[in-house]
Amino acid sequence: MGLLTATGVVAGYGAADEILKGVDLRVEPGEIVGIIGPNGAGKSTLLKAVAGLLKPKSGAIQLDNQDITGKEPRDISRMGLAYVPQEHNIFPSMSVRENLEMGGYVDPKGAKERIDGVLGRFPVLAKKRRHAARTLSGGERQMLAMAMALMVEPAVLLLDEPSAGLSPVAAEVLFDAIIKINKEGVSIAMVEQNANEALAISHRAYILVDGKNSRTGPAAALAADPEIRRIFLGG
Amino acid sequence: MCWESKTFLMTVSGADSITLLPHQGFLVRTQPTSKLQATAHGEFILSQGAKRVGIIGIQAPFALPNKEHLENTLKPKGGEVVSHVIYEKDKPTYRSEIDQMMRGRPDYIYTNGYAPDTVVLLRDMYRAGIDLPKFAQSYAVPQPTLDTIPAEVSAKVFTGQPSADIESPAYKLAADRIGEKEPDGYVSQATDWASMAVLTIAKAKEVSGVAMKDNIRKICQGSGQKVYSAVEGLKVLGEGKEINYEGASGPCDFTDIGDILGCRFRYMHVVKGKLEFLKLV
Amino acid sequence: MEVLQLIVNGLMAGTILAVPAIGLTAIFAVLRFTNFALASHMTIGAFAGYVANVTFGLPAVASLGFAFLIAGLIGVLSDEIVLKAFRRAGFITTAIGSIALTIALENLVRFIFGNQLRGYNLPIQRDWVISGIRISPQQVENFVVAVIVMAALFAFLAFTRTGKSMRAVADNPMLAAIKGINANAVARIVSFVAMGLAGLGGMLIGLDTTIDPLIGFKTILQIFAAAVVGGLGSIPGAVVGALVVGVGEELSLLVLTPAYRTAVGFIAILLVLTFRPRGILGQRAY
Ligand SMILES: Nc1ncnc2c1ncn2[C@@H]1O[C@H](COP(=O)(O)OP(=O)(O)OP(=O)(O)O)[C@@H](O)[C@H]1O
Ligand SMILES: [Mg+2]
């Protein structure tokens, strides 16, 4: 049993309720798991289903051996899973510090210490703690979004395309931060467009196509696979 | 419309325009026109020794004609309208409007609005330290409204209203008939309609709108014998004589378009927050 | 001198106007509709304060607290019972529903208190004249109350957990849900505070004048203009917008006849929507 396991998840939106057509996902303690696949494959949908924003039609999701299928996001977040959406993942008119407070909203006790801890980990954010989040650069915003997620001291962190829209340099800085967070003991499931980078820093990876698992395996093995190279890695 | 169905209408409408309709004579109005009212107000203001009148009134169709009539009354007697401000209804304060009006340095203020705005005006004028005498339509400062403001705010307020002719025999007869001690202007007008209708029908010897329109002026004005009630009028008519009905609300003489020619006005002043009778003109 | 007097008058009026305008914009920021029922809540507040002041003999400032409380509570109830159901159907439907609600509530007040004008139990004082500028003690008192209330509100939004969670919902409701903020609870708090401010604003206006059941209806247009001009959804915007409308109305007297004062609100809305569609301060909640 992994730290996080999803089996046969069917989920979607309203009438289109089968965007995911029975997807499996497993995250072991200490892992970085990459999720890649073409646009519209259902990668974001999978993360939303796991985080509790979508109620799966069928299938089961467990966190640390507890069933979280169909639970409220608030409860799932209290149980140690934090989710960073692909976009609109900060409170733009609030200050960096206030964003972090809201990140830890469900657990106000000891918030001050945790804020200091998180700011210690992200010096760029510490420098701008009083600035409104909307004034941050793209990379800083992603940092902030991750930092907010860390405020609940999660066991598992779900990241949806953290490097989207960032310059290569900014993406590099971000991936370094993700590796560091992982080294401190947080398991990570990360959806990425940037498949090369994703496979480079992941331990294992899933390839989703059209709402179904296509390939799964160690990231290095997938990265070496000629067919995958051709389709997803541009050569 | 009444003239289309050849029905005869007697009304208290406050709108001057009603008698200007093409009613072909099928309408008389016992309520005085705004010209009659403004002229009377002007004479009252002059009688109070005012020379420079500042007008502050609500945005309404009567605002401009009223000012003109007032001006026409004041001018020949050495008075003048020194400022004229029209304000919008429903504002919580009229400070700036009052300032604007005061720029003409009036010695008398003529307000022309309704109760909600007039009370705001009075408060704001008090605050601004304006202690000039003020005139208002009686409906703009009824006693219940006065009760909501401190007495010092309503000091030197005078009100005027068209009045029943309370000194006339017709008024006394009407009061006895109705069993009220002091019937108001509207009640008096209504009893006059009834009396005029009866007398006109008696005169015309026919019940129809056309007969009414053709005969009403034959019984209520002219050189006939003055009568003060329908009963009395019928008797005199029965004797084959001409009559001139004099009503409880006034002489009941009408112009060609059906406006009342003259009427009485009743003036009150506010003393320590209470309306008191001043005079009948 | 004249211009200075007009500006002073406008600032005084605008500051009072800002209190209910904040309420309107706060509801928009969090619940995403313009709640015209604000008008009747101003009336309710004015009359609640009247009962406290005239019937129970409380001083005016204590009565203001009463006005806030009663209008706030009725605001929560009316939102919970009536408007919440409308919200699923979208912005326009809810706004129209709020108009129906305001007519119903206003008539309830009319039914209980009647139509006549009423005044608070207050001495009326002559204006102070300070280097040629007239200003009334009541205006100054109202101004101070309005400023204190607004300062308290800003402190609440800036420094309390509840206040911050309100801003978070206004800013990004989806993320607020992910972070575990209870949107229903926030909606109730917003209704309470916003309608409380409306009630307080209604009474502040009444303190300077008189009250009747239409007191809210008569000012809602200016309040709406203030909120739109400042940027619907922005609380500092509502303050700026209220000052613009207040001062604008007064200064318009220099060029327009006072009979067209209300046009100033409309003109301001038109100008702002033409040149800055999101209002002077945009739609940032805070
Ligand atoms: N809120 C929504 N309502 C309805 N359909 C949606 C919604 N969000 C996504 N979809 C649909 O679900 C499918 C999968 O979308 P999803 O966002 O999960 O894809 P993705 O793999 O994350 O793609 P991308 O790489 O572009 O982010 C798409 O066909 C999309 O149109
Ligand atoms: Mg996606």
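Chain letters run A, B, ... following the sequence lines, proteins first, then strands; residues in each count from 1.
In this structure, chain B has a heavy atom under 4.5 Å from the backbone of C/Gln125, while its side chain stays farther away. For C/Arg134, the part lying under 4.5 angstrom from a heavy atom of chain B is the side chain only. Contact of C/Asn9 with chain B is made through the side chain alone, with heavy-atom distances under 4.5 Å. In this structure, chain B has heavy atoms under 4.5 Å from both the backbone and the side chain of C/Leu253. With a 4.5 Å cut-off on non-hydrogen atoms, B/Ile130 touches chain C through its backbone but not through its side chain. For B/Lys91, the part sitting under 4.5 Å from any heavy atom of chain C is the side chain, from C-beta outward, and nothing else. Heavy atoms of C/Leu204 lying under 4.5 Å from chain B are absent altogether. Interface remark: B/Ser96 contributes backbone and side-chain atoms alike to the contact with chain C (heavy atom separation under 4.5 Å).
B/His41 and B/Tyr267 have perpendicular rings, their planes meeting at more than 60° on a 0 to 90° scale where under 30° would count as parallel. Taking the six-membered ring for Trp and thresholds of 30 and 60 degrees, B/Phe62 and B/Tyr114 have ring planes more than 60 degrees apart, a perpendicular arrangement. Using cut-offs of 30° and 60° on the angle between ring planes, the pair C/Phe113 and C/Phe47 is tilted.
Here the side chains of C/Leu207 and C/Gln138 are in contact, with some heavy-atom distance below 4.5 Å. When side chains are defined from C-beta on, B/Phe158 counts as touching B/Tyr108, because their heavy atoms get closer than 4.5 Å. Looking at heavy atoms from C-beta onward, B/Ile109 lies in side-chain contact with B/Ile56 at the 4.5 angstrom threshold. Counting heavy atoms from C-beta outward, B/Gln161 and B/Tyr139 have side chains that stay 4.5 Å or more apart. By the 4.5 Å heavy-atom criterion applied to side chains, B/Thr111 and B/Phe135 are not counted as neighbours.
Options B/Gln100, B/Arg103, B/Arg95, B/Glu152 differ in how many heavy-atom pairs under 4.5 Å they form with chain C, and the most are formed by B/Arg95. Residue with the most contacts toward chain C among B/Ile58, B/Thr145, B/Asp99: B/Asp99 (heavy-atom pairs, distance under 4.5 Å). Per-residue counts of heavy-atom pairs under 4.5 Å with chain C were compared for B/Ala128, B/Ala63, B/Pro150, B/Gly129; the largest is that of B/Ala128. Counting heavy-atom pairs closer than 4.5 Å to chain B, the top-ranked of the candidates C/Gly119, C/Ser136, C/Ala13, C/Ala259 is C/Ala259. Contacts with chain C were tallied for B/Glu97, B/Arg127, B/Lys89, B/Gln59; B/Arg127 has the most, counting heavy-atom pairs under 4.5 Å.
In this structure, C/Lys218 NZ and C/Thr209 OG1 are separated by 7.5 Å, a value rounded to the nearest 0.5 Å.
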